[in-house]
Number of protein chains: 2
Amino acid sequence: MSLTGVPTGTEYVRRQNTGLVLRALRAHGPATRTELARRTGLAKATVGTIVAELEAARAVTQDDDSVSSGRGRPGRPVALTGESILGLGLEVNVDYVAAVALDLGGNVRVVETRPVATAGTPPSTEELIELATDVRTALMADGHTVVGATVAVPGLVAHDNRTVSWAPNLGWDGRHLAAELEEAFGADCPTTIDNDANCAALAEAAHGVTTDVSHSLYITGTIGIGAGIVQDGRLVRGGAGFAGEVGHMPIGNPSRVCGCGRMGCWEASVGLRAMLSTVGIDEEDTPLQTALAVADLAARDASTRAALATLGHELGTGLATLAAVLDPAAIVLGGYFVPLGAYVVPAAGQVLAERLPSASIHLPQIRLSSLGIHAAALGAAEDALADVYAGTLAL
Amino acid sequence: MSLTGVPTGTEYVRRQNTGLVLRALRAHGPATRTELARRTGLAKATVGTIVAELEAARAVTQDDDSVSSGRGRPGRPVALTGESILGLGLEVNVDYVAAVALDLGGNVRVVETRPVATAGTPPSTEELIELATDVRTALMADGHTVVGATVAVPGLVAHDNRTVSWAPNLGWDGRHLAAELEEAFGADCPTTIDNDANCAALAEAAHGVTTDVSHSLYITGTIGIGAGIVQDGRLVRGGAGFAGEVGHMPIGNPSRVCGCGRMGCWEASVGLRAMLSTVGIDEEDTPLQTALAVADLAARDASTRAALATLGHELGTGLATLAAVLDPAAIVLGGYFVPLGAYVVPAAGQVLAERLPSASIHLPQIRLSSLGIHAAALGAAEDALADVYAGTLAL
DNA sequence: TTGACTTAATTCAAGAGTCGTACTAAACCT
DNA sequence: AGGTTTAGTACGACTCTTGAATTAAGTCAA
């Protein structure tokens, strides 16, 4: 309990209220100044000056067509513009690097994916930096301003959100990735790093299936299992930034050997490899293709369906544990679970309901991710814009 | 992602900075205005006006003895006073109700415990209200101001922090406890409710063994097992307020029958009853007395020590799971674990270390609670003062 | 077509805060 | 007794929000 907080001045108030206006525009769409005053609780005069400032910063634009609501002077709505301020989201994975640019209106402006240069080896830092700088320079050439970048990494990210602590699939121990990217960008483009599950959780909360709740849990499902935890709209990161490393929880079949060498890890029961070995299918190029092949088989074969139900049972056991600890309103399954949802979710949901700590506790809903392959990159872009919506960033 | 936040004015800035000054005084003790300016980063003039305001509100007092540091005009330090502003913490348990009054300086002014009126039955709401009003009127007669009250309840508390959702040990389903207490207090004394594990976690973070970290996990150990989760100095409460209900996680010996009727709940392996049945001792009046008796036996008997080590192993399995999810810097064991720490912690720590998701992750320290029986009530009192330190409360 | 009406947006002065500078206060040192 | 040094205050400049007054821009009805 050391001293926390910084001295606050009146400019802080302006920033706070600017963020409020931006969030009001994002949450409920374009609106006149008067309507914004109603939404935010600010005085009309205040909204007026804030909107003027945002207009000068090219964050919002005046809609030309004035909207009349019957009587009186018609209002001139302002809308978040996609032309100026963008957040850049980057994603590194074992077989590709990807970039997503998101504008203030919540629209995806750019999506670019590049497969790894030499197949079989993970991408190098250079490949990521090249993609990032390419996309950024292209955007700037079009007159956009990239206010920040965030990289989603499959691995442990230190609490400073600037250093990769451990990414065994990439072989990137302890890299100062954020600093390297900032240097490559040259100019002012603050860059942070985050875990891919965290980013995906943010993406679902902002654009996916958990926009309606503020406490959610995202489960990645590939070879490893990870979690992104959202509580009160904010990510739970843990003391050192390593929260959500749920793949190696001692849950599920205790006799299964995990890739980490231990026995009984959760991902040894519900990870992709475990699923394949119970179903008896070979791995394809990507987790998603593999899952689709399994889904195909399950549609025809009852024993495959039974195996997937068993896996769903183990999945539910872990979800019940997580739900007891975190009490999420919704749990989102991502990765390979998405194509197999029909076969896995019922069993998981049943275990979840059975193991609820008390009947008074609302059963968390299990939902399937809707964002597809670029969830993490999208969440990273959202994160890059977070400072803008928070009002922290001077525009 | 709905619209969050409220309009902010300049008075908000004052409140924020007032909280900053109060926290600076709490964290590092009495100080002159100049020293406070240095600690907080505020201008000397600002500190001057804030201190004057706090003095008028009788929150701080001028130390009479001016402290000279060699040259120059000596400073006149101000200190948080214990005479005026107090937080009232209340605790309900199966066999007693307790009250703790805490002043701004962090000193406990009053501790009062009342055993349940009719032995064998849990306390009634009336007994709690009587204790609360008695203590409060006595404090007010002495000229103190009670700025708020918080009740620690062994059970589920709804997210509004005003309603008990489920307290099977008390038989208090759905009570509007906060409203009842506020009515009994009559005047202005905002009252909230919180889970006892949450309160104890707060107490340890403010006055116990986790003052040095901002991410911690508190485990209660009585008949049931609960957890209080602190992340970034704030409690993690979950979507409906039910986070930390870890007693019924499916962890540990799956063949053990839990009091809830299910199999394999964690508390069926590490709860007090489970411990007693493995050790072969009868329950005494309170969990603590029971634990002391067991500790006594363990000091002499090797098989008891072995049984406790086994229990420690199951404890460690659950802690490893929790650590993987939450990444706390420290884990605090409370309740009956405290007297048995020497026999239980080594085994638990070993499992925790073995099951760490990655070698890159810092091993959470296992610590024993230092606050004794009144941890929850103390944490409740701390919670009642939280608004003051946050600067939210007008004094 | 014109004037009343209604609603949107801006202007303006008042009030609340912080901050840096200048100034006063209170000790010690020589 | 006067100089030096540090603590605390007074004051004007600046920022920000707010409510009231004012201006702007439509509809509606006669």
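A donor-acceptor distance shorter than 3.5 angstrom exists from the side chain of Arg109(B) to the backbone of Gly82(B), with no hydrogens or angles considered.
Atoms CD (Glu35(A)) and P (dA9(C)) sit 10 Å apart, rounded to a whole Å. To the nearest angstrom, C1' of dT17(D) lies 8 Å from CG of Asn17(A). Taking atom CG of Leu20(A) as the reference point, atom P of dT17(D) lies 11 Å away to the nearest angstrom. Rounded to a whole Å, the CZ atom of Arg14(A) is 10 Å from the P atom of dT18(D). The interatomic distance linking Arg71(A) (CZ) with dG3(C) (P) rounds to 22 Å, in whole Å. If you measure from atom CD of Gln62(A) to atom P of dA25(D), you get 12 Å, rounded to the nearest angstrom. Atom OH of Tyr12(B) and atom C1' of dT18(D) are 19 Å apart (whole Å). Computed from coordinates, the Gln16(A) CD to dG17(C) C1' distance equals 16 Å when rounded to whole Å.
A salt bridge is absent between Arg15(A) and Glu11(A): the closest approach of a Lys/Arg side-chain nitrogen to an acidic carboxylate oxygen does not fall below 4.0 angstrom. A salt bridge links Arg237(B) with Asp194(B): the closest approach of a Lys/Arg side-chain nitrogen to an acidic carboxylate oxygen falls below 4.0 angstrom.
Within the 4.5 Å cutoff, the side chain of Val157(B) has no heavy atoms near those of the Thr163(B) side chain. Contact annotation: the side chain of Asn107(A) never approaches that of Leu102(A) to less than 4.5 Å [non-hydrogen atoms, C-beta and beyond].
A side-chain hydrogen bond (donor to acceptor under 3.5 Å, both in side chains) with Thr150(B) is found for exactly one of Thr192(B), Asn198(B), Asn161(B), namely Thr192(B).
Interface residues of residues 41-60 of chain B facing DNA chain C, ordered by number: Leu42(B), Ala43(B), Ala45(B), Thr46(B); criterion, heavy-atom separation under 4.0 Å.
Two residues, Arg33(A) and Thr18(B), neighbour DNA chain C, and the one matched to the more 5' nucleotide by heavy-atom proximity is Arg33(A).
Side-chain atoms of Arg73(B) and base atoms of dA25(C) include a donor and an acceptor less than 3.5 Å apart.
Distance CZ/Arg136(A) to CG/Leu90(A): 11.5 Å, rounded to 0.5 Å.
At dT17(D), none of the side-chain N or O atoms of Thr10(B) fall inside 4.0 Å of OP1 or OP2 (strictly under the cut-off).
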